[in-house]
Amino acid sequence: MQHTQSPTLKEVRLHGTKSFPFAAYKTRFATTGTIVKHHWHDEIEIIYFFEGNFRLEINMEPFNICSECIYFINPGELHSILTEKNNHPEEKAIVFSPKMLSFEAYDAAQVHLIQPLQNGKLLLPRCLMPEHPAFMSVRNSFLDIMNLCEQPDGEQLKAYRLTTQLFIKSSLLRILALLADSRLLIPAEKNYDKRVEEIKKIISYIMENYKEKIYVRDLAALINMNEQYFCRFFKKAIGHSPIEYANEYRIKQSKQLLKETDLPVMEICLECGFNNLGNFLKEFRKYTNTTPLKYRKSHDDTVKNPTQAP
């Protein structure tokens with residue numbers, strides 16, 4: 001499955017199912033600058049970078065990645081990924097709710113590890129590098145999970161058998177045990193970052209109101225800033241102006257409608273917050289290098305001929 005996001009910028013997609021809140025993702029980036037946009041979620045995310053050059057940002061702190069490593073995203077952390085070079089880099093990720101690790105028995109592991117992890121009182125480490133003694137074991141457990149989630153043709157299983165669920169849960173618990181055994185779990189500090197929460201609030205507003213006209217003055221008012229300072233603040237944090245971010249999100253939504261519906265292009269234009277077809281076509285080409293109709297046809301051809309590259 002490819003990467004494709006409450007008044008707080010919360011990602012609304014469901015990872016897995018309600019009964020098994022787990023999903024695995026593998027992404028191969030085709031061009032420099034491809035972004036997994038800023039978002040956050042209540043689940044834990046573990047990202048394995050095998051090769052390539054990335055800029056990972058977590059809570060507005062940048063991490064430049066140029067070699068194999070594993071990064072951990074704790075619940076609620078704002079994060080994004082940017083590719084630095086056009087060398088078709090790859091990353092794999094698993095996203096899961098810590099609640100799925102719970103034991104019914106109230107044993108020591110439940111009390112001192114799993115429950116604090118669920119309550120945000122215990123955090124996973126930021127990253128794990130190959131030189132760390134636990135790296136190979138954690139990586140192997142991670143790859144065991146990825147192998148369980150992929151069929152021979154590389155597509156993720158749509159549903160997990162009961163035995164597959166048990167293997168996945170056991171591998172997740174093994175990763176937790178390895179981190180705990182290496183004393184890598186971190187007690188959470190009450191460290192409220194006002195900037196991160198403000199960015200969350202702005203992006204949440206954009207995601208909830210992208211179908212309507214969005215004014216910079218309204219965004220600035222959400223966090224009590226003047227417009228000029230707000231625009232500088234947002235661009236420094238996200239790398240785009242507020243309107244650029246809104247338009248990019250609108251184009252992302254239009255791509256989903258083009259793939260999943262037969263709605264006319266003009267209707268999709270209006271549904272995604274563009275009041276002018278010419279402006280929609282201009283913005284669509286800016287972010288996709290193609291037209292809506294060609295994008296739809298390309299997707300249709302890929303579905304009909306799944307062995308062909310998209």
Side-chain angles (χ1 to χ4, degrees), residues 1-3 15-17 19-28 36 41-52 54 56 58 63 65 67-75 77 79 81 89-105 107-118 120 122-152 154-186:
M1 180 181 294
Q2 300 297 314
H3 273 296
H15 298 283
T17 65
S19 61
F20 194 67
F22 166 91
Y25 303 95
K26 181 170 69 173
T27 304
R28 184 176 179 83
V36 175
H41 39 66
D42 289 331
E43 295 84 6
I44 289 170
E45 183 169 356
I46 303 177
I47 309 174
Y48 173 52
F49 296 98
F50 174 65
E51 59 182 358
F54 298 89
L56 172 66
I58 305 172
F63 299 91
I65 296 165
S67 61
E68 183 183 23
C69 58
I70 298 171
Y71 270 77
F72 301 88
I73 310 294
N74 291 290
E77 292 187 323
H79 56 285
I81 302 174
E90 293 184 356
E91 57 95 359
K92 299 180 179 181
I94 55 177
V95 182
F96 64 95
S97 170
K99 294 179 180 179
M100 65 181 289
L101 304 180
S102 287
F103 297 112
E104 185 174 344
D107 56 18
Q110 177 74 18
V111 173
H112 298 293
L113 288 179
I114 295 173
Q115 189 171 330
L117 199 64
Q118 293 172 350
L122 198 61
L123 303 177
L124 300 180
R126 178 54 68 224
C127 69
L128 201 58
M129 304 300 290
E131 55 267 25
H132 193 282
F135 180 84
M136 289 300 295
S137 295
V138 171
R139 188 196 72 166
N140 290 342
S141 292
F142 178 95
L143 293 178
D144 285 344
I145 293 171
M146 294 301 300
N147 291 335
L148 284 167
C149 297
E150 294 176 358
Q151 294 178 343
E155 290 191 6
Q156 182 174 316
L157 295 171
K158 299 299 182 184
Y160 301 109
R161 294 179 299 148
L162 290 178
T163 52
T164 302
Q165 292 186 14
L166 284 174
F167 280 125
I168 290 173
K169 289 180 72 169
S170 65
S171 292
L172 291 174
L173 287 167
R174 177 170 171 75
I175 290 173
L176 179 60
L178 289 164
L179 296 176
D181 190 54
S182 297
R183 300 180 183 275
L184 293 174
L185 299 178
I186 307 164

Sequence neighbours left out, what passes ring pair (Phe, Tyr, Trp, His ring centres under 6.0 Å) with [X]? Give chain and number order.
{"X": "Phe135", "value": "none"}
{"X": "Phe63", "value": "Tyr71"}
{"X": "Phe72", "value": "none"}

Exercise. Between Phe49 and Ile70, does a side chain to side chain contact (heavy atoms under 4.5 Å, CB included) hold up when you go through it step by step?
Worked result: CA-CA 6 Å; Phe49 296 98; Ile70 298 171; over 6 Å; no
Contacts of [X] that satisfy side-chain hydrogen bond (donor to acceptor under 3.5 Å, both in side chains) - sequence neighbours left out:
{"X": "Ser170", "result": "none"}
{"X": "Ser97", "result": "none"}
{"X": "Ser19", "result": "Thr17"}
{"X": "Glu68", "result": "Tyr48, Arg139"}

Got a sec, which residues hit side chain to side chain contact (heavy atoms under 4.5 Å, CB included) with [X], two or more places apart in sequence or on another chain?
{"X": "Leu113", "result": "Leu122, Ala180, Leu185"}
{"X": "Ser67", "result": "Met129"}
{"X": "Asp107", "result": "Phe103, Ala109, Gln110"}
{"X": "Ala177", "result": "none"}

Closest contact, heavy atoms only, [X] versus [Y]:
{"X": "Cys149", "Y": "Ile168", "value": "SG-CD1, 4.0 Å"}
{"X": "Pro116", "Y": "Val111", "value": "CD-O, 3.2 Å"}
{"X": "Ser182", "Y": "Ala134", "value": "OG-CB, 3.5 Å"}
{"X": "Glu45", "Y": "Ala93", "value": "OE2-CB, 3.7 Å"}
{"X": "Ile186", "Y": "Leu124", "value": "CD1-O, 4.0 Å"}
{"X": "Met100", "Y": "Lys169", "value": "O-CE, 2.9 Å"}

Exercise. Checking His132 side chain against Pro130 main chain: does a donor-acceptor pair fall under 3.5 Å?
Worked result: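 Judged by distance alone, no pair lies under 3.5 Å.
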Problem set entry | Polar side-chain atom of Asp42 near backbone of Pro75 as donor-acceptor pair, under 3.5 Å |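 No, Asp42 side chain to Pro75 backbone: no donor-acceptor pair under 3.5 Å.
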Exercise. Stepwise, does the side chain to side chain contact (heavy atoms under 4.5 Å, CB included) test hold for Ile46 with Ile73?
Worked result: CA-CA 6 Å; Ile46 303 177; Ile73 310 294; over 6 Å; no
Problem set entry | Side chains of Leu173 and Ile114 in contact at under 4.5 Å (non-hydrogen atoms) |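 Yes, close enough: below the 4.5 Å cut-off.
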Problem set entry | Side-chain heavy atoms of Phe50 within contact of Lys92, under 4.5 Å |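 Side-chain contact under 4.5 Å: no.
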Nearest 0.5 Å please: distance from the [atom1] atom of [X] over to the [atom2] atom of [Y].
{"X": "Asp144", "Y": "Ser171", "atom1": "CG", "atom2": "OG", "value": "5.0 Å"}
{"X": "Ser141", "Y": "Leu178", "atom1": "OG", "atom2": "CG", "value": "5.5 Å"}
{"X": "Leu176", "Y": "Ile44", "atom1": "CG", "atom2": "CD1", "value": "8.0 Å"}

For this session: Given side chain to side chain contact (heavy atoms under 4.5 Å, CB included), test Ile94 with Tyr25 step by step and report yes or no.
Result: CA-CA 6 Å; Ile94 55 177; Tyr25 303 95; over 6 Å; no
For this session: For side chain to side chain contact (heavy atoms under 4.5 Å, CB included), just list the numbers for His41 and His79, CA-CA rounded to whole Å, side-chain angles, deciding distance to a tenth of an Å, and then say yes or no.
Result: CA-CA 10 Å; His41 39 66; His79 56 285; 3.5 Å; yes
Exercise. In this structure, which one of Val36, Ile81, Ile65 forms a side-chain contact (heavy atoms from CB on, under 4.5 Å) with Ile47?
Worked result: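 Among Val36, Ile81, Ile65, the one that satisfies the side-chain contact (heavy atoms from CB on, under 4.5 Å) with Ile47 is Ile81.
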For this session: Give a yes or no on whether a salt bridge exists between Lys99 and Glu43, defined as a side-chain N under 4.0 angstrom from a carboxylate O.
Result: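 Looking at Glu43 together with Lys99, the answer is no, because their closest N to O distance does not fall below 4.0 Å.
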For this session: Kindly write out the residues that satisfy salt bridge (Lys or Arg N to Asp or Glu O under 4.0 Å) with Arg174, not counting sequence neighbours, or none if the list is empty.
Result: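 None.
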